[in-house]
Amino acid sequence: MNINSIVIGYHGCTNLTAEKIFKGKSHHLNKSNNDDDWLGDGIYFWENDYQRAFDWAKIAINRRKKKCIRLKKRVKHKLIKPAVVGAVIIPKYCLDLTTASDMRLLKSHYKVYEKTLLAAKIPKEAFPKNKKAYEGDVDILHRELDCAVIHFLHKSRKKANKIEFDSIRATFYEGKPIYEGSGFREKSHIQWAIRNPEKCILGYFRPFKDLA
């Protein structure tokens, strides 16, 4: 669907990355293109959620520091801090997985994806799978299957000369229940993957909270 209204997104990163954007040294944030990115390739943003972006940045930096220490790599720990880049976004042609129609579209592409792999003599047990990122990961954070199906959808549309999606939006249910018996989870959020930043991102900004 076409979405021409403005969305405010927040991207968690290091202060070094953020300052490159704020000072105009980088035109855009880098796209994520890991094979387990749950919405496929794109620049990821939390919708209207500065705090969630900041919390993610803290976790990612701590993980990076621990890895460097384990591998005995030198890293200037004191210079690397969590930061958030705000963005003014117009989603344009969006695969909105909060809607029934786009969920059905993705489901139909999985069925074709499955038939394609089986026709190529790839057994089902060898298909990409969503996996735990660590022991006790109930959210199954490594989404290799979802990423592969979304990539397949994009390739199929391009091959058929259909309009390509500029952005993807979805709700991610994550974390523990916020209280006993609750259906709400403490880290749930709405996330965007911006595939076409030149078309969708009007500009970046420094959130006021960073100045506090």
Side-chain angles (χ1 to χ4, degrees), residues 6-23 26 28-70 75-89 91 96-98 130-144 146-147 167-195 197 200-201 203-212:
I6 287 177
V7 172
I8 300 299
Y10 294 99
H11 177 89
C13 56
T14 69
N15 57 320
L16 304 180
T17 296
E19 288 304 319
K20 286 181 181 179
I21 292 292
F22 298 145
K23 293 176 180 178
S26 294
H28 277 299
L29 293 161
N30 292 331
K31 289 183 179 181
S32 182
N33 58 359
N34 302 304
D35 61 8
D36 59 0
D37 287 332
W38 77 297
L39 298 180
D41 296 353
I43 305 174
Y44 278 68
F45 294 93
W46 276 268
E47 180 178 307
N48 294 324
D49 199 342
Y50 170 94
Q51 190 61 54
R52 189 70 185 87
F54 186 78
D55 290 345
W56 183 90
K58 285 196 296 185
I59 291 169
I61 288 172
N62 287 335
R63 189 183 300 130
R64 176 181 172 187
K65 288 178 179 179
K66 289 177 181 178
K67 183 177 180 180
C68 287
I69 291 171
R70 188 173 68 250
V75 59
K76 297 178 180 178
H77 291 188
K78 294 181 180 180
L79 297 180
I80 301 177
K81 298 177 181 178
V84 175
V85 174
V88 180
I89 301 165
D96 189 349
L97 297 175
T98 69
N130 294 338
K131 302 173 184 175
K132 294 181 179 181
Y134 53 86
E135 189 64 35
D137 172 16
V138 297
D139 302 307
I140 317 297
L141 294 176
H142 285 179
R143 302 292 183 93
E144 292 181 18
D146 295 336
C147 185
S167 61
I168 303 178
R169 178 179 188 249
T171 303
F172 195 98
Y173 298 97
E174 181 183 3
K176 298 176 181 178
I178 59 173
Y179 48 82
E180 186 176 352
S182 175
F184 300 108
R185 300 173 70 183
E186 60 186 9
K187 293 183 180 181
S188 293
H189 55 274
I190 295 175
Q191 201 161 38
W192 288 85
I194 302 301
R195 303 183 68 241
C200 297
I201 298 177
Y204 296 101
F205 63 90
R206 185 192 299 272
F208 284 139
K209 291 186 180 183
D210 277 0
L211 304 177

I'd like to know if the side chain of K176 reaches the main chain of E186, judged simply by a donor and an acceptor atom lying under 3.5 Å from each other, with no hydrogens or angles considered. no
To the closest 0.5 Å, what do you measure between CD1 (I61) and NZ (K81)? 10.5 Å
Kindly give the heavy-atom pair with the smallest separation between A57 and C13, and that separation in Å. CB-O, 3.5 Å
Please report the closest heavy-atom contact between C147 and N34, naming both atoms and the distance. SG-O, 3.7 Å
On a heavy-atom basis, the closest approach of W192 and S167 is CZ3-OG, 3.7 Å
If you measure from NZ on K58 to CG on N62, what distance do you get to the nearest 0.5 Å? 8.5 Å
Counting N and O atoms only, with roles assigned by atom type, does the side chain of Y44 sit under 3.5 Å from a partner on the main chain of L39, one being a donor and the other an acceptor? yes
Between W46 and H189, what is the ring plane arrangement, given parallel below 30°, perpendicular above 60°, and tilted in between? tilted
Between the OG1 atom in T17 and the CG atom in N30, the distance rounded to the nearest 0.5 Å is 7.5 Å
Count the heavy atoms belonging to other residues, nucleotides or ligands that lie under 6.0 Å from CZ of F205, then report whether that count exceeds 12. yes
What residues form a salt bridge (charged side-chain N to carboxylate O under 4.0 Å, His left out) with K131, not counting sequence neighbours? E144
Of the non-hydrogen atoms in D137 and I140, which two are nearest, and what is the gap between them? OD1-N, 3.1 Å
Minimum heavy-atom distance Y134-L141, with the two atoms named: CE2-CD1, 4.0 Å
Considering only residues two or more places apart or on different chains, which pairs with a residue in residues 33-47 satisfy salt bridge (charged side-chain N to carboxylate O under 4.0 Å, His left out)? E47-R169
How far does CD1 of I59 sit from CZ of F54, to the nearest 0.5 angstrom? 11.0 Å
Among Q191, R185, R52, exactly one meets side chain to side chain donor-acceptor pair (under 3.5 Å) together with E174. Which residue is that? R52
Is the number of heavy atoms from other residues, nucleotides or ligands within 6.0 Å of CH2 (W38) greater than 12? yes
Nearest heavy-atom contact between A87 and F45 is CB-CE2, 3.5 Å
Under a plain distance cut-off of 3.5 Å, with no hydrogens placed, do N15 and E19 share a side-chain donor-acceptor pair? no
Would you indicate whether the side-chain heavy atoms of F22 and V85 approach each other to under 4.5 Å? yes
Any side-chain to backbone donor/acceptor pair from Y204 onto L29? Under 3.5 Å, distance only. yes
One should read off an interatomic distance between I194 CD1 and I89 CD1, to the nearest 0.5 angstrom, of 4.5 Å
